[in-house]
A.B. asks: 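First, the structure itself, so that you have it in front of you.
Protein chains get the first letters and strands the later ones, always in sequence-line order, with residue 1 at the start of each.
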Amino acid sequence: DTAVSQTPKYLVTQMGNDKSIKCEQNLGHDTMYWYKQDSKKFLKIMFSYNNKELIINETVPNRFSPKSPDKAHLNLHINSLELGDSAVYFCASSQGRLRAKNIQYFGAGTRLSVL
Amino acid sequence: AQKVTQAQTEISVVEKEDVTLDCVYETRDTTYYLFWYKQPPSGELVFLIRRNSFDEQNEISGRYSWNFQKSTSSFNFTITASQVVDSAVYFCALSGRNSGGYQKVTFGTGTKLQVIP
């Protein structure tokens, strides 16, 4: 069983469209994250949720809206897609929100291409 | 503020050579953790190792070894007798706590390792 699974793996869409990426973890973790990896492989945190509560919200356009229906799921909805949104989006999870020692486990990534 | 520097953008070695990937970090925290992740060509991010700031013992796991030196703020990763399967992008990461008290992980820009058969 995949520990952190994201769907879809690839997403190709036109500028201006709205799209969602789903993430689910079966590790029993209570904290989940969204990261963006750009074309130069730079990984940057976007959001973090702990038990459905938003705890980290980096400087991300408000076209991006995360939603956590329960602690095992964290979805990412993107409105009015722009060319600059093209990237690989990674979901991750960890147990606990306060400890620097927590290991984050990553999904396989969703490659978003905006045309 | 946290910062992780991986100065080596790309490294190529011939199979069976040893290779060291450098990682230098900056933090004001007294307690922090350091990680290495591997991203093979298939794209997923795989956790390799975690080290805490109070434990400077070197660690060896098979062909992999890690050298943590607090005095130079470095956490270097050595692969002995490299293999083609080691070809990947390797990320060093620093974990501390942000102003809100939550875990915050900062990744380096990665080092792409190519092992040539």
A.B. asks: Mind checking the CZ-CZ spacing from B:F91 to A:F42? Nearest 0.5 Å is all I need.
C.D. replies: 9.5 Å
A.B. asks: Under 4.5 Å heavy-atom distance to chain B, tell me which part of A:K40 shows up: side chain, backbone, both or neither.
C.D. replies: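 Backbone only.
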A.B. asks: Checking heavy atoms, do the side chain of B:F35, its backbone, both or neither come under 4.5 Å from chain A?
C.D. replies: side chain
A.B. asks: For A:L43, is it the side chain, the backbone, both, or neither that has a heavy atom closer than 4.5 Å to a heavy atom of chain B?
C.D. replies: both
A.B. asks: I need the residue from B:R51, B:K104, B:K112 with the largest number of non-hydrogen atom pairs under 4.5 Å to chain A.
C.D. replies: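 If we count pairs closer than 4.5 Å to chain A, B:K104 comes out on top.
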A.B. asks: Evaluate the side chain to side chain contact (heavy atoms under 4.5 Å, CB included) criterion for residues A:Q104 and B:V105: first the C-alpha distance (whole Å), next the side-chain angles of each, then the deciding distance (0.1 Å), finally the verdict.
C.D. replies: CA-CA 9 Å; A:Q104 295 184 8; B:V105 179; 3.3 Å; yes
A.B. asks: For B:N98, is it the side chain, the backbone, both, or neither that has a heavy atom closer than 4.5 Å to a heavy atom of chain A?
C.D. replies: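 It is the side chain, since no backbone atom gets that close.
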A.B. asks: Can you say whether A:E58 sits under 4.5 Å from chain B via the side chain, the backbone, both, or neither, judging by heavy atoms?
C.D. replies: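 Side chain only.
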A.B. asks: Please name the pair of heavy atoms, one in A:N102 and one in B:Q103, separated by the smallest distance, quoted to 0.1 Å.
C.D. replies: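 Shortest heavy-atom separation between A:N102 and B:Q103 comes out as O-NE2, 2.8 Å.
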A.B. asks: Measure A:I103 against the heavy atoms of chain B and call it side chain, backbone, both or neither at under 4.5 Å.
C.D. replies: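 Looking at A:I103, backbone and side chain both touch chain B.
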A.B. asks: Counting only N and O atoms by type, is there a donor-acceptor contact under 3.5 Å from the side chain of B:E44 to the main-chain atoms of A:F106?
C.D. replies: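 Not a single qualifying donor-acceptor pair exists.
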A.B. asks: Does any heavy atom of chain A fall under 4.5 Å from the side chain of B:T9, the backbone, both, or neither of them?
C.D. replies: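 When you check distances to chain A, no heavy atom of B:T9 falls under 4.5 Å.
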A.B. asks: Looking at A:K9, A:Q37, A:K44, which has the largest count of heavy-atom pairs under 4.5 Å with chain B?
C.D. replies: A:Q37
A.B. asks: Do A:K41 and B:Q39 make a side-chain contact, defined as non-hydrogen atoms from C-beta onward lying under 4.5 Å apart?
C.D. replies: yes
